[in-house]
Amino acid sequence: MTTKTILITGAGSGFGKAAAIGMARNGHNIIATAQVSSQVTPLREEVAALGLADKIRVERLDLTDPYDIRQAQGWDIDVLWNNAGMGEAGPVWEIPLDLVRKNYEINVFLPLQLTQGIVQRWVREGKSLGKKVVFTSSMGGLFTPANWGTYVSTKHALEAFAEAMQQELAAYGVKVQTINPGAYYTGYNETMADNPFRWLDDSVNFTKRADLRKGFDDFFATPEGKMDPTEMIDRMIEVVPADEGKFRNVMPKVIEDMLKQHQLDAWENRI
């Protein structure tokens, strides 16, 4: 594998940050971006302390800032890893629509805007051969559990865009992949589960706060709800820079098997 220059969105914490460090240690050049300005300097200091300042460049990239997007679209990279995202949970029949729109803006529309600019420049400049776009999807991109429908529907949308792009860009030599983590314990899912409680009102909504909280807590108490993220990070470090591999990359294997069975069962699902 040749050395790649990889742009990572959402690298201020979680999977993105850990994988950035791992890929840099493997010799790749990383542009690790964080949404919040206050994350940038601490990450630069951490990178320097690890002896990786020559391999990891830390920048701010707030997808809601059109100037940030325009700047990033001009960077010289080999791989774009759309990893940034956020999530709204709660019952889809009661969630405020402005929160649904916001979730789509952050997880779907803005990453698509960033991607279009970068990929079109690759093609326009004749530099598309061997380039790659990676999307962090989710196990939730392939099935829909109750009370997670808003977030996972954004990942369903990313799956569709990625599958279309894989076909559309093949003639230009651009490769496209998704990464589909299970419910690994990074704090991301746990924080997402808190979000409905800022709008859910027992005096207004049919879904009761205590019932929703219990459902979330029961899930996070299971082994499937609190998995060690190390194996996923190790897999990301391999997948993102790779020249070959699967289009869809689900971890762990038990979740891949569950999703395959779920998709088979869907054909027999009855109302």
Side-chain angles (χ1 to χ4, degrees), residues 9-10 14-16 19 80-93 95 100 103-104 106-109 111-112 115 132-170 175-186 188-193 195 215-216 218-220 222-229 231-236 238-240 242 244-271:
T9 67
F15 286 136
L80 167 61
W81 180 12
N82 287 295
N83 175 66
M86 56 84 64
E88 294 290 349
V92 296
W93 66 297
I95 188 171
V100 179
N103 209 162
Y104 270 81
I106 299 297
N107 286 13
V108 182
F109 300 135
L112 180 60
T115 301
K132 188 161 81 162
V133 177
V134 182
F135 293 93
T136 299
S137 178
S138 167
M139 64 183 287
L142 304 170
F143 87 127
T144 309
N147 296 312
W148 298 93
T150 297
Y151 168 70
V152 303
S153 71
T154 68
K155 297 303 187 177
H156 278 65
L158 281 184
E159 291 284 333
F161 281 153
E163 191 169 341
M165 273 199 238
Q166 185 191 28
Q167 299 166 72
E168 294 163 357
L169 293 172
K175 299 179 181 180
V176 181
Q177 284 180 300
T178 69
I179 296 177
N180 304 69
Y184 288 97
Y185 185 55
T186 64
Y188 183 86
N189 296 313
E190 293 74 17
T191 303
M192 192 193 326
N195 283 343
F216 289 154
D218 287 349
F219 170 68
F220 291 132
T222 66
E224 295 78 17
K226 204 168 188 177
M227 297 182 292
D228 183 345
E231 64 175 348
M232 188 73 248
I233 292 163
D234 290 344
R235 185 76 182 116
M236 288 170 162
E238 294 175 359
V239 168
V240 172
E244 302 292 338
K246 289 183 177 181
F247 166 70
R248 180 174 289 143
N249 297 272
V250 180
M251 285 288 287
K253 183 65 165 60
V254 65
I255 296 298
E256 180 179 352
D257 293 341
M258 181 273 284
L259 294 175
K260 288 177 179 177
Q261 187 60 51
H262 173 79
Q263 291 179 335
L264 289 173
D265 293 344
W267 290 99
E268 306 301 327
N269 192 5
R270 297 178 61 84
I271 61 171

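Because the structure is a prediction, the values reported are computed rather than measured.
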Handout entry: Sequence neighbours excluded - salt bridge (Lys or Arg N to Asp or Glu O under 4.0 Å) pairs with any residue from residues 132-152
Key = none

Problem - Listed partners of Gln261 passing side-chain hydrogen bond (donor to acceptor under 3.5 Å, both in side chains), at least two apart - result: Asp265

Fill in the blank from the handout: Between Gly149 and Thr144, the two heavy atoms sitting closest are CA-CG2, 4.0 Å

Problem - side-chain contact (heavy atoms from CB on, under 4.5 Å) partners of Glu168, counting only residues at least two apart - result: Ala164, Met165

Fill in the blank from the handout: d(Phe161 CZ, Gln166 CD) to nearest 0.5 Å is 15.5 Å

Problem - Partners meeting ring-ring contact (aromatic ring centres under 6.0 Å, His included) with Phe216 (sequence neighbours left out) - result: Trp148

Problem - Side chains of Asn107 and Lys155 in contact at under 4.5 Å (non-hydrogen atoms) - result: yes

Problem - For Trp267, ring-ring contact (aromatic ring centres under 6.0 Å, His included) partners two or more places apart - result: none

Practice task
Kindly write out the residues that satisfy side-chain hydrogen bond (donor to acceptor under 3.5 Å, both in side chains) with Ser153, not counting sequence neighbours, or none if the list is empty.
Solution key: Tyr104

Completion exercise
The salt bridge (Lys or Arg N to Asp or Glu O under 4.0 Å) partners of Glu244 (sequence neighbours excluded) come to Lys175

Fill in the blank from the handout: Residues passing the salt bridge (Lys or Arg N to Asp or Glu O under 4.0 Å) test with Asp218, sequence neighbours excluded, are Lys214

Problem - Asn180 vs Ser138 side-chain heavy atoms within contact, under 4.5 Å - result: no

Completion exercise
Applying side-chain hydrogen bond (donor to acceptor under 3.5 Å, both in side chains) to Asn82 and not counting sequence neighbours gives Thr115

Problem - Asn189 to Ala183 - nearest heavy-atom pair and separation - result: ND2-CA, 3.7 Å

Name every donor-acceptor pair, under 3.5 Å, that has one atom in a side chain of residues 247-258 and the other anywhere in the protein, sequence neighbours excluded.
from	atom 1	to	atom 2	distance (Å)
Arg248	NE	Glu159	OE1	3.3
Arg248	NH2	Glu159	OE1	3.0
Asn249	OD1	Arg235	NH2	3.4
Asn249	ND2	Thr178	O	3.0
Asn249	ND2	Lys246	O	3.1
Lys253	NZ	Asp257	OD1	2.7
Lys253	NZ	Asp257	OD2	3.2
Glu256	OE2	Lys260	NZ	3.0

Handout entry: Within-4.5 Å side-chain heavy-atom neighbours: Met227 and Pro181
Key = no

Fill in the blank from the handout: All heavy atoms of Ser137 vs all of Gly141, minimum pair found to be OG-CA, 3.9 Å

Problem - Atom pair CG (Asn103) and CD1 (Ile95), whose distance is rounded to the nearest 0.5 Å - result: 7.5 Å

Problem - Intermediate values then yes/no, side-chain contact (heavy atoms from CB on, under 4.5 Å), His262 and Leu142 - result: CA-CA 9 Å; His262 173 79; Leu142 304 170; over 6 Å; no

Exercise for the section: Could I get the full list of side-chain hydrogen bond (donor to acceptor under 3.5 Å, both in side chains) partners for Thr136, not counting sequence neighbours? Expected result: Trp81, Asn83

Handout entry: From NZ (Lys226) to CZ (Phe220), nearest 0.5 Å
Key = 9.5 Å

Problem - Main-chain N/O of Met86 paired to Tyr188 side chain as donor or acceptor, under 3.5 Å - result: yes

Handout entry: Contacts of Phe15 that satisfy ring-ring contact (aromatic ring centres under 6.0 Å, His included) - sequence neighbours left out
Key = none

Handout entry: Thr154 vs Ile106, side-chain contact (heavy atoms from CB on, under 4.5 Å): CA-CA, chis, key distance, verdict
Key = CA-CA 9 Å; Thr154 68; Ile106 299 297; over 6 Å; no

Exercise for the section: Any chance you could measure Phe135, atom CZ, to Leu80, atom CG, to the nearest 0.5 Å? Expected result: 7.0 Å

Handout entry: Closest contact, heavy atoms only, Val108 versus Leu158
Key = CA-CD2, 4.4 Å

Handout entry: Taking every non-hydrogen atom, the tightest pair across Glu231 and Tyr184
Key = OE2-OH, 2.9 Å

